[in-house]
Amino acid sequence: MNTNYDVIIAGCGAAGLYGAISLPRQLSVLVLSKRELTLCNSALAQGGIAGVYKSPEDSPELHKQDTFIAGGFENDPVTTDILVNEAADAIDTIIRLGVDFDKKEDGDYHRTLEGGHGMRRIFHHKDATGFEIETKLLAYAQTLPNVTILENALMCDVRKTETGFSFLVMKDNEYLTFNSRKAIFATGGIGRVYEFTTNSAIATGDGIAMAYKLGAPIKHLSYIQFHPTAFNNKTTRECFLISEAVRGEGAYLRNCDKERFMDRYDRRLELAPRDVVSHSIIFEAKRTGSDDFYLDITHKDPEFIKKRFPMIYKNLLDYGYDMTKDLIPIFPCQHYLMGGINVDEWARTGVEGLYACGECSHTGVHGNNRLASNSLLEALVFSKRAAKDIADKLSSEDKKPLVSYDFEIDKTAPVIPKGIRTDIRKVMQKAYFVMPEVNELKDGLNLCKEIMDFLDRYTFKIDRDYIEAKSLATVAYIVLSEACDIAFGNVELDIDYEAGF
Ligand SMILES: Cc1cc2nc3c(=O)[nH]c(=O)nc-3n(C[C@H](O)[C@H](O)[C@H](O)COP(=O)(O)OP(=O)(O)OC[C@H]3O[C@@H](n4cnc5c(N)ncnc54)[C@H](O)[C@@H]3O)c2cc1C
């Protein structure tokens with residue numbers, strides 16, 4: 001197998017694939033997928049992708065206003081302008097690549113409504129939009145002769161070299177080294193740092209931890225979104241999401257007494273942005289003394305529900321709930337990361353030649369709270385921009401032979417002790433859930449630091465458990481450091497970049 005590429009992309013979700021597709025065909029591209037090709041957050045997205053496309057009554061300006069309101073006006077005005085203005089191009093391109101958005105009887109696209117949007121501007125494929133986008137992008141990328149996609153290929157380490165980057169990759173228990181001129185991290189979110197999350201098993205923040213180690217600034221990692229309506233069976237780590245679109249189509253939230261309660265907290269009721277609804281649920285839980293909450297769409301036509309939400313309907317039936325007749329038990333859980341590897345409007349990180357896009361990046365478009373369905377859009381818009389910038393740079397750079405870093409691997413080293421990831425998850429769930437527990441922050445931070453030091457001090461077998469434990473510890477440490485900074489002022493981060501991590 002070729003070991004040298006113009007561009008290596010870590011991540012095979014919407015951001016990684018769209019980046020690969022958007023690069024010029026004369027550049028060689030390697031795409032890494034930690035596990036199965038469609039095991040990622042992109043494939044789980046239900047609601048849709050937001051954007052103003054062929055919709056004369058709507059405008060990018062209105063989309064921007066809604067994005068700003070949801071984001072608490074902390075959004076970056078430059079990147080948010082780019083997001084809303086380049087949405088039409090992104091949506092048009094994926095339609096041309098075969099993405100089949102639902103249409104109305106008159107042939108126009110069916111645009112749905114979600115919390116925080118003032119207009120119907122969410123394009124969707126039933127209630128499984130992400131899977132549709134992911135599989136169509138993947139199918140197209142697999143036809144491209146310049147793109148190689150490696151499944152079950154875990155990025156274990158990345159080093160900057162004189163000519164670009166060297167990647168240590170574990171594939172089928174073998175260690176491989178790949179080199180590239182430019183690198184894109186599109187490694188997704190951090191949901192698995194929590195006990196309860198909607199995120200896929202791959203979401204352990206590997207790219208963020210590795211970019212941090214390379215010296216790339218990380219921004220607003222404590223800006224974490226908790227989705228208000230995850231299915232609450234109180235046992236499974238990956239909580240099945242009940243899309244915002246269910247509230248968009250008229251579902252009510254009810255408390256333990258089966259009463260609607262949102263009018264106590266926000267005049268937008270069930271259609272308030274996610275953070276407002278999640279906070280309202282926590283306040284209502286304190287008021288009533290009960291964690292029992294429900295989503296109720298039983299007043300809508302059963303045939304409409306089954307047709308509009310076939311995947312949610314079927315999944316709930318498997319759990320014993322018929323959403324056309326039963327109240328659906330829900331509770332907030334970790335869902336999305338607004339912060340990440342800080343990038344500019346071309347997805348450039350603080351490390352020369354390293355780009356980041358999708359959920360692992362911080363473009364600033366989401367402010368302190370993402371507006372529903374803006375993240376698939378962000379993944380597409382900014383990965384295309386990364387591709388454009390890389391193409392421009394590589395067209396004018398000398399193509400020197402690529403230098404390879406010599407990674408040290410001790411194949412006799414022991415595996416890490418069990419339970420480390422569980423400890424980190426417990427800390428995060430306790431200290432930094434919907435409303436941070438100020439009394440738990442410092443203890444949590446200390447424990448994460450101890451775990452990081454322990455993993456650095458000894459040599460362990462380099463495998464998925466080890467890489468993910470390091471990533472989770474690093475990510476949790478940064479989140480809690482930021483939270484402590486906010487709560488108590490100036491807690492210094494002191495991770496030793498040279499400690500062999
Ligand atoms: C249940 C759910 C529903 C959602 N619904 C919506 C929605 O309706 N609309 C919307 O806009 N957004 C939605 N989102 C958010 C959105 O899906 C994600 O933010 C977006 O898809 C992220 O895309 P990505 O390409 O950045 O990451 P992902 O799609 O998660 O891809 C990450 C990739 O990185 C790879 N990777 C990670 N670490 C490594 C490593 N060490 N080595 C090699 N590869 C690695 C993984 O294998 C994977 O291929 C939803 C999210 C969830 C979880």
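Remember, it's 1-based here, ligands and their atoms both numbered in the order they're listed.
At least one donor-acceptor pair under 3.5 Å links the side chain of K171 to the backbone N or O of E151. Of the possible donor and acceptor atoms, one in the side chain of Q225 sits under 3.5 Å from a partner among the backbone N and O of R370. Put simply, the side chain of Y194 gets close to the backbone of Y432: a donor and an acceptor are under 3.5 Å apart. Although no hydrogens or angles enter the test, the distance criterion places a donor-acceptor pair under 3.5 Å between the side chain of S42 and the main chain of A14. With hydrogens and angles ignored, the 3.5 Å screen pairs a side-chain donor or acceptor of K34 with a backbone N or O of I202. Side-chain atoms of N75 come within 3.5 Å of backbone atoms of T67 as a donor-acceptor pair (strictly under, hydrogens ignored).
Distances shorter than 4.0 angstrom occur between a heavy atom of S373 and an atom of ligand 1. Contact annotation: L154 has at least one heavy atom less than 4.0 Å from an atom of ligand 1. Between S200 and ligand 1 there is no heavy-atom distance shorter than 4.0 Å. Residue-ligand proximity: G130 is placed with every non-hydrogen atom at 4.0 Å or more from ligand 1. Residue contact annotation: E36 has no non-hydrogen atom under 4.0 Å from ligand 1. Heavy-atom separations between I202 and ligand 1 include at least one value shorter than 4.0 Å. For the ligand labelled ligand 1, residue H335 lies inside the 4.0 Å heavy-atom shell.
Listed by number with element, the atoms of ligand 1 under 4.0 Å from a non-hydrogen atom of G13 are 25 (O), 29 (O), 31 (O), 33 (C), 49 (O). For ligand 1, the atoms sitting less than 4.0 Å from at least one non-hydrogen atom of L32 are 44 (N), numbered in the order shown with element in parentheses. Every atom of ligand 1 with a heavy atom of L241 under 4.0 Å away is listed here by number and element: 1 (C), 2 (C), 3 (C). Within ligand 1, counting atoms from 1 as listed, the ones closer than 4.0 Å to a heavy atom of G47 are 8 (O). Those atoms of ligand 1 with a heavy atom of M155 less than 4.0 angstrom away are 40 (C), 41 (N), 42 (N), 43 (C). Residue G358 has at least one heavy-atom neighbour below 4.0 Å for each of these atoms of ligand 1: 26 (O).
Relative orientation of the H220 and Y223 rings is parallel, given thresholds of 30° and 60° on the angle between their planes.
The only member of T3, V7, I8, I9 that meets side-chain contact (heavy atoms from CB on, under 4.5 Å) when paired with Y5 is I8.
Ligand 1 has no N or O atom lying under 3.5 Å from any N or O atom of E114, backbone or side chain. In terms of polar-atom proximity, A15 is counted as a contact of ligand 1, with an N or O under 3.5 Å from an N or O of the ligand. Polar contact check, D206 against ligand 1: a nitrogen or oxygen pair lies under 3.5 Å apart.
In summary, the side chains of E249 and T112 do present a donor paired with an acceptor at a separation below 3.5 Å, with no hydrogens or angles considered. If you check the side chains of N41 and S200, you find no donor sitting under 3.5 Å from an acceptor.
Checked against the 6.0 Å centroid criterion, the rings of F231 and Y319 qualify as a close aromatic pair.
Only the backbone of A186 comes within 4.0 Å of ligand 1, judged by heavy-atom distances. Proximity of R370 to ligand 1, defined as any heavy-atom pair under 4.0 Å, is confined to the side chain (atoms from C-beta onward). Contact annotation: for A153 versus ligand 1, heavy atoms closer than 4.0 Å belong to the backbone alone. Within the 4.0 Å heavy-atom criterion, both parts of T187, backbone and side chain, lie near ligand 1. With a 4.0 Å cut-off on non-hydrogen atoms, N41 touches ligand 1 through its backbone as well as its side chain.
Under a 4.0 Å N-O distance rule, the pair E244/R274 qualifies as a salt bridge. In summary, R120 and D58 do not engage in a salt bridge, as defined by a charged side-chain N under 4.0 Å from a carboxylate O.
When G48, A209, C40, A10 are checked for heavy-atom proximity to atom 31 (O) of ligand 1, C40 turns out nearest. Taking only non-hydrogen atoms, the option from C12, S375, A372, A379 nearest to atom 13 (C) of ligand 1 is S375.
Proximity of I49 to V99: side-chain heavy atoms (C-beta onward) are nowhere separated by under 4.5 Å.
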